[in-house]
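Not measured: the values here are computed from a predicted model. Chain letters run A, B, ... following the sequence lines, proteins first and then strands; every chain starts at 1.
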Amino acid sequence: MKMHTLSVAELSKSLKSKEFSSVELTQHYLDRINRSDLNAFITVTDELALSQARVADAKLANGSGSVLTGIPFAHKDIFCTKGFKTSAGSKILDPFISPYDATLSHKLNTENMVMLGKTNMDEFAMGSANVTSYFGPVKNAWRSSRQKDLVPGGSSGGSAAAVSAGLALGSIGSDTGGSIRQPASFCGIVGMKPTYGRCSRWGMVAFASSLDQAGPMTKSVRDAAIMLQNMASFDPKDSTSVKSVIPNFELALTSNIKGLRVGIPKEYRLDGLSEEIKQLWQRGVDWLTQAEAIPVEISLPHTKYALPTYYIVAPAEASSNLARYDGVRYGLRETGQSLDEMYENTRGAGFGEEVRRRIMIGTYVLSAGYYDAYYVKAMKLRTLILKDFQEAFKSVDILLTPTAPSAAFAPGKKMDDPIQMYMNDVFTVPASLAGLPAMSIPSGLSDEGLPLGLHLIAKPFDEEMLFRFGGVMEEAADFNGSPPCFGI
Amino acid sequence: LAKLSINDSEIEQSTIELNNILSLMAELGEIETDHVEPMAHPLEMSQRLREDVVSEANLSEEFQEIAPKTGKHHFLVPTVIE
């Protein structure tokens, strides 16, 4: 039997009924990782995984396990994991062995989940194609009809590629401007960004602290609900963590969306949006209409300013967050005659091109003469973007948009121009700026046979609405496509 | 300010790219925002304060172990004051 084709819920049952053990399941995944050439993992924690699986099996044997006990998962290499390298895809953290666990890693360990390894990612989560990693690019498991290699999206590209290729049952990822949702769309999996403050950021390497949020990347909507249940919590160690009621997310999968109103934002119909994305979007509207939801055209007038706003706010925060990598206390150090020279050499050698670019942009927009013109202006636009959403949610329950303006593309094609790359995030960034929960659901195949995602955006802390609609869309889309290597 | 060393060969290309990005940002100038408050928090919340008590264990030995250069209870850097 192909164990990796089952869902979290199914595997949990099989483990409890002793059809197979967690050790067997874990070994199955480790073998698949070893055979794969996608470069999806930076570190494979095989010994840890097998020892965690043995502990899980003992728990399952005495009946004390939870739904996640013994389930093999991957962690994006942005989550600190005690005793293992946590690189965030950067040379500057290549030597860094974390002395502690992130709150999320700790929580999953407490459930006796099995950690298979740390997945590859764009350096410091800055990228949309997983090509900026110091540990090399990740390949998408899907290939175009012309059999070309494709990017998996980013920044959680290793996580998305691993889940789609059956190298892990799911992964925890992080999303700043679309880093969970866009790669999920490119790889044909479910990717969810919860409300800002829903999951702890403590021990998750910071990129842009007012936007960063962890979330699940899974094969199905139900698996995402099960995962979020075990990820969401109030964490006193994270000052932006929010004390909120945590509902039973799985119960939201009712298949009933009758009478609920779905906003279709007209500003997302970009000039030059491809015919296949327009058709996919219309198909999504039709599915929801068939399920007796009510589509309503709405307006989010400041949408076109979201991208430039994001590319001021995120680099500004990044330039501040990344100031800590100075070669003094941990990570890479290059020598220098003076302290300043040591800083400059360390950071010049340790950061890749895109990270340096964003640090320079961020430093520039925060500098004394330009602070008001760029940073304050962007924060004012952020207020207007938030107000657009608040206004829209007075008359609708959820929004439906495409996740990304295209399917996965070949490396090299769009990468020479940073602005072309930034366009990948055009549909995901507005919800990030407003702190809203959002989810990408695999919804069809492109003309070239590649996965495409549709994107749902809900009100703050209304992840239940995402799961409710997500379940309906998943059923209607009947997306059972998988990349060629999945069946092997 | 950013404390980054850059090769001379990279400067020209970087300048072009940074200028392109800044011109993308200049689009924001189209919008009149004199009476708009800059956002402080996406959910309009304020950050919690906590009691000023020690909440973390002392891990100084673990932190020293992973540092590039250390002395007894301190991190070593190039000479700052002669």
Side-chain angles (χ1 to χ4, degrees), chain A residues 96-97 99-100 195-197 210 236-237 239-240 242 302 304-305 307-309 311-312 319 326-333 336-345 347-348 351 356-357 359-361 363-365 367 374 376-384 386 418-419 422 433-435 460, chain B residues 1-7 10 13-18 20-51 55-57 59-70 74-82:
Chain A
F96 176 64
I97 305 295
Y100 62 93
T195 311
Y196 181 71
S210 78
K237 290 180 186 165
S239 65
T240 58
V242 177
H302 297 92
K304 74 175 265 210
Y305 302 106
L307 210 57
T309 298
Y311 278 98
I312 293 172
S319 71
D326 56 7
V328 175
R329 290 158 302 146
Y330 48 83
L332 179 81
R333 176 188 290 199
Q337 291 301 310
S338 65
L339 185 62
D340 271 343
E341 201 182 293
M342 190 268 279
Y343 289 154
E344 285 173 13
N345 291 345
R347 292 163 60 80
F351 292 134
R356 276 182 284 155
R357 182 181 297 133
I359 291 175
M360 284 189 276
I361 291 280
T363 309
Y364 179 79
V365 300
S367 59
Y374 288 105
V376 174
K377 183 83 183 182
M379 292 310 264
K380 287 181 169 187
L381 257 299
R382 215 176 153 182
T383 299
L384 295 174
L386 174 67
I419 293 177
Y422 296 172
L433 289 169
Chain B
L1 277 176
K3 300 255 185 277
L4 287 170
S5 65
I6 292 188
N7 294 339
E10 291 170 329
Q13 184 62 20
S14 290
T15 312
I16 298 170
E17 284 165 0
L18 293 179
N20 286 344
I21 295 168
L22 290 173
S23 55
L24 169 78
M25 293 171 177
E27 281 178 27
L28 299 188
E30 296 169 11
I31 291 276
E32 203 278 312
T33 50
D34 287 353
H35 304 289
V36 181
E37 278 293 307
M39 181 195 276
H41 189 290
L43 307 173
E44 298 174 61
M45 292 174 175
S46 52
Q47 291 204 351
R48 278 174 294 109
L49 298 174
R50 64 173 179 85
E51 290 298 310
S55 58
E56 291 298 309
L59 297 175
S60 69
E61 278 183 22
E62 285 89 335
F63 290 149
Q64 292 255 296
E65 262 174 41
I66 57 167
K69 255 187 180 168
T70 56
H74 58 270
F75 300 104
L76 291 173
V77 295
T79 311
V80 179
I81 303 165
E82 289 296 337

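Proximity to chain A is limited to the side chain of B:Phe75, based on heavy atoms less than 4.5 angstrom apart. Of the atoms belonging to B:Leu49, not a single heavy atom falls under 4.5 Å from chain A. Contact of B:Val77 with chain A is made through backbone and side chain together, with heavy-atom distances under 4.5 Å. With a 4.5 Å cut-off on non-hydrogen atoms, B:Glu27 touches chain A through its backbone and its side chain both. At a 4.5 Å heavy-atom cutoff, the contact between B:Leu43 and chain A is made by side-chain atoms alone. Using a 4.5 Å cut-off between heavy atoms, B:Gln64 makes no contact with chain A at all.
To the nearest 0.5 Å, atoms CD (B:Glu37) and OG1 (A:Thr383) are separated by 7.5 Å. The CD atom of B:Glu30 lies 3.5 Å from the OH atom of A:Tyr305; values are rounded to the nearest 0.5 Å. The line from NZ of A:Lys237 to CD of B:Glu56 is 5.5 Å long, rounded to the nearest 0.5 Å. A distance of 11.5 Å separates CZ of A:Arg347 from CD1 of B:Ile6, quoted to the nearest 0.5 Å.
Although no hydrogens or angles enter the test, the distance criterion places no donor-acceptor pair under 3.5 Å between the side chain of B:Lys3 and the main chain of A:Tyr343. Under the 3.5 Å distance criterion, the side-chain polar atoms of A:Ser239 are left unmatched by any main-chain donor or acceptor of B:Arg48. In terms of modelled atom types and a separation under 3.5 Å, the side chain of A:Lys377 and the main chain of B:Ile31 share a donor-acceptor contact.
In this view, A:Arg356 and B:Glu10 satisfy the salt bridge (charged side-chain N to carboxylate O under 4.0 Å, His left out) rule, not counting sequence neighbours.
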